[in-house]
Number of protein chains: 2
Amino acid sequence: MGNLALEPLDRPEGMTTHEYAHRRLRQAIMVGSIRPGESLTIRGIAEAMESSPTPVREALRRLSSEGALRVLDNRRIMVPRMTADRFSELVSLRSVLEQHAARRAVPHITERRIDRLEEIDRAQDEAIARKDNANALLLNQEFHRALYTANPEQVILPMVESIWLQLGPFLGIAMEHVAQLYFVDRHQEAIAALRKRDEDAVAAAIKADISEGIGGFERAAIENLLRLAGQ
Amino acid sequence: MGNLALEPLDRPEGMTTHEYAHRRLRQAIMVGSIRPGESLTIRGIAEAMESSPTPVREALRRLSSEGALRVLDNRRIMVPRMTADRFSELVSLRSVLEQHAARRAVPHITERRIDRLEEIDRAQDEAIARKDNANALLLNQEFHRALYTANPEQVILPMVESIWLQLGPFLGIAMEHVAQLYFVDRHQEAIAALRKRDEDAVAAAIKADISEGIGGFERAAIENLLRLAGQ
DNA sequence: TAATTATTTTTGTGATCACATTTTCAAAAT
DNA sequence: ATTTTGAAAATGTGATCACAAAAATAATTA
């Protein structure tokens with residue numbers, strides 16, 4: 001079952017073991033360190049994190065409820081396989097969900113937060129420049145998260161992150177087989193729209209960001225990629 | 001912490017204890033048997049279900065990831081309180097999400113499934129007629145679920161159900177304080193649109209169904225209701 | 001050699017226990 | 001009467017164990 005590819009990830013004092021296990025596995029899945037179809041065992045993870053089955057089970061249950069893992073009939077747990085249909089479903093849902101999240105954020109946005117968005121976008125560009133795919137991915141998510149969390153009432157974000165989690169493993173093989181993930185984004189357009197508090201324009205920017213970014217994978221390309229990765 | 005108000009709920013042979021605990025708690029929350037702000041204890045639930053802490057913890061973790069429960073800083077677990085803002089956020093997201101789910105279902109709909117929708121709608125009307133609020137609620141959900149699951153690729157449904165879960169406890173107090181939950185629906189309109197495979201009309205029907213149904217709660221009414229319930 | 005059977009190992013599951021923290025409740029002090 | 005202190009109870013947490021089912025491996029048979 002592999003070395004889990006889990007960078008240890010710092011653990012704040014007082015954090016419970018099950019929460020730590022959850023965060024660590026989640027991070028690994030999010031950045032594509034675990035491949036679609038790979039199966040995880042409770043004891044294996046417990047051993048890898050030097051803990052015991054009980055907290056690991058809690059972490060795995062949470063991740064399965066978050067769509068990141070699938071529990072099979074034999075009760076074994078694996079990272080879901082990707083298909084072209086599922087990918088299309090995920091991307092179209094992501095578009096709808098994030099447009100809505102963006103709209104609901106606009107009334108609460110502050111100049112201060114927009115400045116932070118600029119910062120994050122700059123950092124992402126740097127990561128892209130040095131071909132640091134994993135960090136570019138994380139910074140891209142950080143940009144979107146920083147926008148949506150302007151809205152103090154957060155019921156959407158967990159769902160958005162669930163989609164990211166479900167896309168993660170596929171992005172992992174994409175990054176492995178495509179030399180450089182094609183990072184186009186419409187962040188500057190979104191920022192400009194935010195400065196004007198133009199809800200429609202912000203939503204349009206997010207829509208374009210997604211459809212031209214991850215939505216750029218065409219059906220044939222996905223199937224080809226999956227075949228390449230032996231899926 | 002009360003008697004949990006958990007009707008035993010039949011347990012298929014071979015179902016694990018943690019899954020059973022999850023289903024039972026989930027059902028209770030969904031139909032509003034557990035009040036907002038009520039806190040749950042691992043041992044209490046374990047005792048009520050005649051099992052032990054381990055599987056109950058797994059169930060509670062899942063429910064917290066599904067938005068049905070909130071884990072506090074003191075690690076205690078409770079049903080989230082409702083506020084007018086949160087309610088508005090939930091309903092607007094529900095509208096967007098279910099419209100999208102409906103659209104994605106239309107291409108896969110069959111006459112057979114539409115017939116089943118008619119059946120469910122009839123059953124719901126009967127439940128309403130005999131003032132059986134809980135079952136009317138469940139049958140309403142069943143109607144929506146039966147529509148969305150026409151789409152074989154299901155990433156949306158868990159999110160839709162997460163919203164239902166988060167609205168459940170509030171609906172519980174609503175049913176308690178408003179003699180009869182005002183059940184307006186646009187199911188017949190949705191069915192007619194489905195027969196014509198008219199995606200826009202289906203989405204419009206769902207949108208109206210939600211905004212005239214649960215969306216009918218006005219801000220003042222919600223705050224009043226919460227005060228009445230001692231929230 | 002291929003298929004079948006038997007054995008061993010792996011794995012998920014649920015109960016139990018000890019520990020630390022938090023909460024609750026009673027007693028004491030201001 | 002209110003606050004403070006202290007003891008007792010309740011609670012979340014994580015490790016361990018026994019059990020049953022499943023998977024993997026070895027041995028046997030056709």
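Chain naming here is simple, since letters A, B, ... match the order of the sequence lines and numbering starts at 1 in each.
- Counting only heavy atoms from C-beta on, A/Arg75 has its side chain closest to C/dT13 among D/dA15, C/dT13, D/dT13.
- Backbone-only engagement by A/Arg76 is indicated by non-hydrogen atom pairs under 4.0 Å involving sugar-phosphate atoms exclusively.
- Place B/Pro53 and A/Arg43 on DNA chain D by their nearest nucleotides, and B/Pro53 ends up nearer the 5' end.
- Between the CG atom of A/Leu60 and the C1' atom of C/dT13 there is a distance of 13 Å, rounded to whole Å.
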task = Check the pair A/Arg23 / A/Glu19 against salt bridge (Lys or Arg N to Asp or Glu O under 4.0 Å), numbers first and verdict last.
result = CA-CA 6 Å; A/Arg23 284 261 248 288; A/Glu19 190 180 344; 3.0 Å; yes

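- Within the nucleic acid shown, B/Thr17 comes within 4.0 Å of sugar-phosphate atoms alone, with no base atom in reach, counting heavy atoms only.
- When distances are taken from the side chain of A/Thr41 to each of D/dG12, C/dG12, C/dT16, the shortest belongs to C/dG12.
- Here D/dG12 presents its C1' atom at 19 Å from CZ of B/Arg70, a figure rounded to the nearest Å.
- The interatomic distance linking A/Arg11 (CZ) with D/dT13 (P) rounds to 12 Å, in whole Å.
- Between the side chains of A/Thr17 and A/Arg11, at least one donor N or O lies within less than 3.5 Å of an accepting N or O.
- For A/Met78 and D/dA23, the CE to P distance is 14 Å, given to the nearest whole Å.
- Between A/Ile42 atom CD1 and D/dA21 atom P the separation is 17 Å, expressed in whole Å.
- For the pair B/Glu58 CD and D/dG14 C1', the interatomic distance rounds to 13 Å; values are reported in whole Å.
- Contact annotation: B/Asn74 does not reach the phosphate of D/dT11 (side-chain N/O to OP1 or OP2, under 4.0 Å).
- Between the NE2 atom of A/His18 and the P atom of D/dT13 there is a distance of 4 Å, rounded to whole Å.
- No hydrogens or angles considered: nothing links the side chains of B/Thr54 and A/Arg57 as a donor-acceptor pair under 3.5 Å.
- Straight-line distance from the CG atom of A/Asp73 to the P atom of C/dG12: 15 Å, rounded to whole Å.
- Side chain A/Arg57 to base D/dG14: no donor-acceptor pair is found below 3.5 Å.
- Side-chain nitrogen and oxygen atoms of A/Thr54 include none within less than 4.0 Å of the OP1 or OP2 phosphate oxygen of D/dG14.
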From CA spacing to verdict: salt bridge (Lys or Arg N to Asp or Glu O under 4.0 Å), B/Arg62, A/Glu58 = CA-CA 8 Å; B/Arg62 290 192 54 188; A/Glu58 296 176 79; over 6 Å; no

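- Under 3.5 Å, the side chains of B/Ser88 and A/Arg104 contain a donor-acceptor pair of N or O atoms.
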